[in-house]
Amino acid sequence: MSAEQQGDGPAGLRKDAPPPGSDSTGSTSSGADPRPETPSWIRELDMALTVHPQVLLTGNVRDQYLLPDDHAAGRSTTLAPYTLGGVIESLCAARGYGALAFLDQVHERITLLRLSATVDQMPAVLREFAEQDEKWRRGRDGRGADGGDDEDEPEMLDRLRDAMVGVVHHPGPPIGLVVPYSGRLGSPQAPVAGEAARLFAAAEELGHTARPVQGASAVTPYNTVFWVVERQEELPREFAVGSRAVRVISVPQPPHDQRLAVARHVVGGLARYQAATGGPALTEVETATAAKALADSSHGMGSSEVMAIGRMALDRNLPVQRLDEAARLYRIGVLDNPWATAELRERIAAGEEFLNGKVIGQPYAVRRTLEIFMRSAAGLNGAQASSSPSRPRGTLFLSGPTGVGKTELAKGVAEMILGKDARPIRFDMSEFAEEHARDRLIGAPPGFVGHDAGGELTNAVRANPMSVLLFDEIDKANPRLFDLFLQILEDGRLTDGRGATVYFTECVLIFTSNLGITAAVMGEPPKDGAGEGDTGGTAGPGGGTGAGTGAGGGTGTGGTSGTGGTGRTGATEVAPRTDRRPLSRHDDPVMVRQTLREAFDAFFNDTIRRPELRNRFGDNFIPMDFMQEKWVPQILDKAIASVAGRVLETHGAQLTLADDAWEVLRVEAVRRLDHGGRGVLTAVESALVNPLAKEVFRNPPGRGERLGVVAIEGDGDGEGYRLEVERWQG
């Protein structure tokens, strides 16, 4: 049987062509680009044939590998894709192997591929399997023989053991036995028994008793058993992976130079097809540019996936210049790219007015946010994008006081990018302060409770590949989680607890924090344990006790880490306290932004000691200003309009406020402005909504009736505020 019949790649290596394990160089079919260097794992495999009787291949073993074509005439410069079976076949043929036997677990049989040996030069057991295989194929093709199973036919594992014994003891020429999907022969969790136990016991003993094949050459190979498994931990516990007789070879994902070679192969084929079907012919520069773009956009993919991208581009009628779009389509399965649409560009162009309407009092933060998304819409994700083009579309780190609109800005961004009804997927990181919180995000590892459920983060992104992810109060997360964020920001992907890859390439990540807002008062360094206690904290603008951390101060229970401080992040060191007072709305905005940036740097540099993560945010740190008094009327009108809308929707009545009543609300809102925009809303709730609810409850308005709030009396103490309301119809 030929290799093509088995689907295992090109046939045996011709004697006048260089084997895949050689280091020869040449050119691709275009004659312009150097042939890629033979991967190191193939050279290691070639070496192992003479020194190890068994080889375990793990890792990227289901991929295809672009190597010199064995079928091309002469000393080939043409490249062709090989499967792992094709690589093994070519190496064995170059070493003089007589045959290769393959375990076929689908049809529970052992097939034989003759390389150079005659029938009488092969072990009797393989000749028997070859006869059975021929009988099976004739029965399958309807040529007379019965292809059914014989009731007396031994079990597959028993046949595999017999084949292994016959191969290892064969005097020559050398024979290879390939066992793909070796992890399916037993359980990695429980001991194997019966035929499986006999198989692995025999494999271990044969590994130690095997000897190289006798031959005329000074260095002859073994009769080699090739075990193939994607992950080494999938092997049964009885597999002698630590035996000196077993050479473990890891097949890595293709690096950039190998992906570039595959990309040139794909682009060359597409360019020829494009020219043959009446399309424009590409210059060498255009071809090289398209190949590099495909190699860059396929970061983290295998060679077979790069080739699949070429087939997808052909199916979708995408020109060669848009192969990066085909890579995005292959990666996340989203047919439409909203970042390339004119509609999104228009929304971003009008985004300043839109976001300023959503988040009042933050023109600086809105302007900075739009600059980042203009980059994404233009396909320029920053100067560092070339290192990993699969990074998320946008990353924001919003820092500022409580109640100034950090969450509202995230909601506005989601609506601007994804549509009117879109909302960010929010994770309150104060809920992820424990060490096991990592499993909640990506899923528990195999064998642990909840393994089948997956992770909250990975499940959300898998269900919605284009999402706005909001990580609120990120400084309160457990330090172990920052490893996940580093991988997302750098590579744009995560591997969940079940081993599946989740891509964040089309996501927008928004982190929020109020680092640097509060500060401790000058004093003695904290005593033992004070860094975790409730002393020395200053209540921040949002109120509460024991929550303050200063620039370098200790934190109270449940506090937010400040510059150099410790708290729920799990850090243990406490920096000396400073005399910086808490920031307030009366401070100069430029000084506030600078202080927030210093606190941001100190948190990543000193508190959690992850400066590399700080660098991934780059210039995407956006400080948000304190709420100023000049923005109160705009927030107030928006809040009153919301209350009036609910009255109209619920009761069918119209609510209006007189100027005097509005002024009372404004004064009360300014009095609570230290709590930001949330303080303004609290003032409206206390002075208007609560007394209005009493009025409406006692005397419900009729449909079409008008309620006019003429005056608001009281100061919030005692019984609270009282309304003077006039009613009239229509």
- Do R391 and E490 meet the salt-bridge criterion of a basic N to acidic O distance under 4.0 Å? yes
- Task: Would you kindly say whether Y65 and T83 are connected by a side-chain donor-acceptor distance under 3.5 Å?
- Result: no
- Message: When you compare the side chain of L484 with that of R438, does any pair of heavy atoms fall below 4.5 Å?
- Response: yes
- Query: Is there a donor-acceptor contact under 3.5 Å from the side chain of D104 to the main chain of E108?
  - Reply: no
- Item | Close side-chain approach of P392 to I488, heavy-atom, < 4.5 Å | yes
- Item | W227/Y181 aromatic ring centres below 6.0 Å | no
- Does a donor on one side chain sit under 3.5 Å from an acceptor on the other, for R259 and S298? yes
- For E44 and R247, what are the C-alpha separation, side-chain angles and deciding distance, and is it a salt bridge (charged side-chain N to carboxylate O under 4.0 Å, His left out)? CA-CA 10 Å; E44 182 183 0; R247 179 78 175 198; 3.1 Å; yes
- Keeping the roles fixed (side chain from Q258, backbone from P255), state whether a donor-acceptor pair exists under 3.5 Å. no
- For the pair Q121 (side chain) and T118 (backbone), establish whether a donor and an acceptor sit closer than 3.5 Å, ignoring hydrogens and angles. yes
- Query: Do S304 and D63 meet the criterion of a side-chain donor-acceptor pair at a distance under 3.5 Å?
  - Reply: yes
- Query: Given H169 and N223, is the side-chain hydrogen bond (donor to acceptor under 3.5 Å, both in side chains) satisfied, shown in steps?
  - Reply: CA-CA 8 Å; H169 289 163; N223 291 310; over 6 Å; no
- Going through the checks in order, is the salt bridge (charged side-chain N to carboxylate O under 4.0 Å, His left out) test met by D46 and R95? CA-CA 9 Å; D46 183 49; R95 287 284 181 180; 3.1 Å; yes
- Query: Do S182 and F239 have side-chain heavy atoms sitting under 4.5 Å apart?
  - Reply: no
- Query: Is a side-chain N or O of T220 found less than 3.5 angstrom from the main chain of T50, in a donor-acceptor match?
  - Reply: no
- Task: Give a yes or no on whether the backbone of A201 and the side-chain of E204 come within a donor-acceptor separation of less than 3.5 Å.
- Result: no
- Query: To the nearest 0.5 Å, what is the distance between NZ (K292) and OG1 (T287)?
  - Reply: 15.0 Å
- Query: Ion pair present between R311 and D315, side-chain N to carboxylate O less than 4.0 angstrom?
  - Reply: no
- Message: Under the criterion side chain to side chain contact (heavy atoms under 4.5 Å, CB included), I'd like the reasoning laid out for I175 against L100: C-alpha separation, chi angles, the key distance, then a yes or no.
- Response: CA-CA 6 Å; I175 304 292; L100 280 177; over 6 Å; no
- In sequence, state the C-alpha distance, the side-chain angles, and the governing distance for V225 and V168, and then conclude on side chain to side chain contact (heavy atoms under 4.5 Å, CB included). CA-CA 8 Å; V225 180; V168 172; 4.2 Å; yes
- Query: Just how far is it from atom CG of D439 to atom CZ of R480, taken to the nearest 0.5 Å?
  - Reply: 7.0 Å
- Would a distance-only check, ignoring hydrogens and angles, find a side-chain to backbone donor-acceptor pair under 3.5 Å from S243 to A245? yes
- Do side-chain atoms of H170 reach the backbone of G172 as a donor and acceptor pair under 3.5 angstrom? yes
